[in-house]
Participant: 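Attaching a single structure in structure tokens format; questions to follow.
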Amino acid sequence: MKDLLWDDFENTVSDVLIRHKSILDIMAKLEESNAKINRALTKSVTACGCIKINGEKQDYTKESIEEIKKNLKTHVEGTLCDNCKEKIEEELGDHLFYIAALSTTLDLNIYDSIIKKYKELKALGIYSML
């Protein structure tokens, strides 16, 4: 059974999508929204300082997958402040809007895509993303 929230979200996006109805506009806005997410994350580090990114080599030399997963790092230190969290949530919402716009323009359904990926992840586990 399809999740009504996703269907309703897609229908609402389709109803309000006027200015960027062309697939070309949607593709461009999707890329722009992705860049805005990256910019908001960058500003959380460089302007606000609520988080730090401490990138370093990941250690995959452990004996088991569980040990590897336990020792992998996100490279994020700290916690987003309320302002940065709000901005990133806003940008993620915009990104979801354009994903839904792309989906409805191509007569696809986001929920179906999620279910398909979920089944793949459950069947293949960690090997699905290699």
Participant: Can you measure from CG (D94) to OG (S33) and round to the nearest 0.5 angstrom?
Facilitator: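 Rounded to the nearest 0.5 Å, the CG-OG separation comes to 7.0 Å.
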
Participant: Quick check on side-chain hydrogen bond (donor to acceptor under 3.5 Å, both in side chains): which of H75, K73, E77 does N54 satisfy it with?
Facilitator: E77

Participant: Run the salt-bridge test on E120 and K117 with the 4.0 Å N-O cut-off and return the result as yes or no.
Facilitator: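 Here E120 pairs with K117 in a salt bridge, since their nearest N and O are under 4.0 Å apart.
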
Participant: Would L102 and I37 show up in the same hydrophobic cluster when neighbours are defined by side-chain heavy atoms closer than 4.5 Å?
Facilitator: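 In one cluster: no.
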
Participant: To the nearest 0.5 Å, what is the distance between NZ on K85 and CG on N83?
Facilitator: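 Between K85 NZ and N83 CG, I get 12.0 Å after rounding to 0.5 Å.
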
Participant: Any heavy-atom pair between the side chains of Y98 and V13 that's under 4.5 Å?
Facilitator: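 SC-SC contact between V13 and Y98 ruled out.
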
Participant: Start with the C-alpha distance between E90 and E86, add both sets of side-chain angles, then the distance that settles side-chain contact (heavy atoms from CB on, under 4.5 Å), and finish with yes or no.
Facilitator: CA-CA 6 Å; E90 177 187 328; E86 184 178 330; 5.5 Å; no

Participant: Run the side-chain contact (heavy atoms from CB on, under 4.5 Å) check on V45 and K52 step by step: do they pass?
Facilitator: CA-CA 5 Å; V45 174; K52 288 173 131 180; 5.6 Å; no

Participant: Please lay out, stage by stage, how I88 and S44 fare under the test side-chain contact (heavy atoms from CB on, under 4.5 Å).
Facilitator: CA-CA 9 Å; I88 292 170; S44 295; 3.8 Å; yes

Participant: Among the clusters formed by ILVMFWY side chains lying less than 4.5 Å apart, do L92 and I110 turn up in the same one?
Facilitator: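 L92 and I110: separate clusters.
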
Participant: Looking only at side chains, do E10 and S103 share a donor and an acceptor under 3.5 Å apart?
Facilitator: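 A pair is found: one side chain offers a donor N or O, the other an acceptor, under 3.5 Å apart.
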
Participant: Can you tell me how far the CD1 atom of I114 sits from the CG atom of N109, to the nearest 0.5 Å?
Facilitator: 8.5 Å

Participant: Between K36 and E32, is there a side-chain N and carboxylate O pair less than 4.0 Å apart?
Facilitator: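 Judged by the 4.0 Å cut-off on N to carboxylate O distance, K36 and E32 do form a salt bridge.
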
Participant: If you round to the nearest 0.5 Å, how far is CD1 of I65 from NZ of K69?
Facilitator: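 Reported value, rounded in 0.5 Å steps: 8.5 Å.
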
Participant: Rounded to the nearest 0.5 Å, what separation is found between the CD1 atom of I99 and the OG1 atom of T104?
Facilitator: 12.0 Å

Participant: Please determine whether the number of non-hydrogen atoms from other residues, nucleotides or ligands lying under 6.0 Å from atom CG of D15 exceeds 12.
Facilitator: yes

Participant: Indicate, with yes or no, if F9 and Y118 share a hydrophobic cluster defined by side-chain heavy-atom contacts under 4.5 Å among Ile, Leu, Val, Met, Phe, Trp and Tyr.
Facilitator: no

Participant: Can you measure from CD1 (I26) to CG (L106) and round to the nearest 0.5 angstrom?
Facilitator: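 So the CD1 of I26 and the CG of L106 are separated by 7.5 Å.
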
Participant: When clusters are formed by joining ILVMFWY residues with side-chain heavy atoms under 4.5 Å apart, either directly or through shared neighbours, do L96 and I115 land in the same one?
Facilitator: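 Per the 4.5 Å side-chain linkage, L96 and I115 are co-clustered.
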
Participant: Above 12 or not: heavy atoms from other molecules or residues under 6.0 Å from CD of E63?
Facilitator: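 Not buried by this count: 12 neighbours or fewer within 6.0 Å.
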
Participant: Which is it for K87 and E91 under the salt bridge (Lys or Arg N to Asp or Glu O under 4.0 Å) test, yes or no, and what are the steps along the way?
Facilitator: CA-CA 6 Å; K87 180 63 175 169; E91 299 301 351; 2.8 Å; yes

Participant: So if you build clusters from Ile, Leu, Val, Met, Phe, Trp, Tyr with side-chain heavy-atom gaps below 4.5 Å, do F97 and M27 land together?
Facilitator: yes

Participant: Look at the side chain of N11 and the backbone N and O of D7, then say whether any donor-acceptor pair between them is shorter than 3.5 Å.
Facilitator: yes

Participant: Please evaluate residues T79 and I51 with respect to the criterion side-chain contact (heavy atoms from CB on, under 4.5 Å), reporting the C-alpha separation (whole Å), side-chain torsions for both, the decisive distance (0.1 Å), and the verdict.
Facilitator: CA-CA 6 Å; T79 304; I51 61 172; 5.6 Å; no

Participant: Taking all non-hydrogen atoms of both residues, which atom of K62 and which atom of N71 are closest, and how far apart?
Facilitator: CE-ND2, 3.3 Å

Participant: L72: which other cluster members, linking ILVMFWY side chains closer than 4.5 Å, directly or transitively?
Facilitator: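 Same cluster as L72: Y60, I68.
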
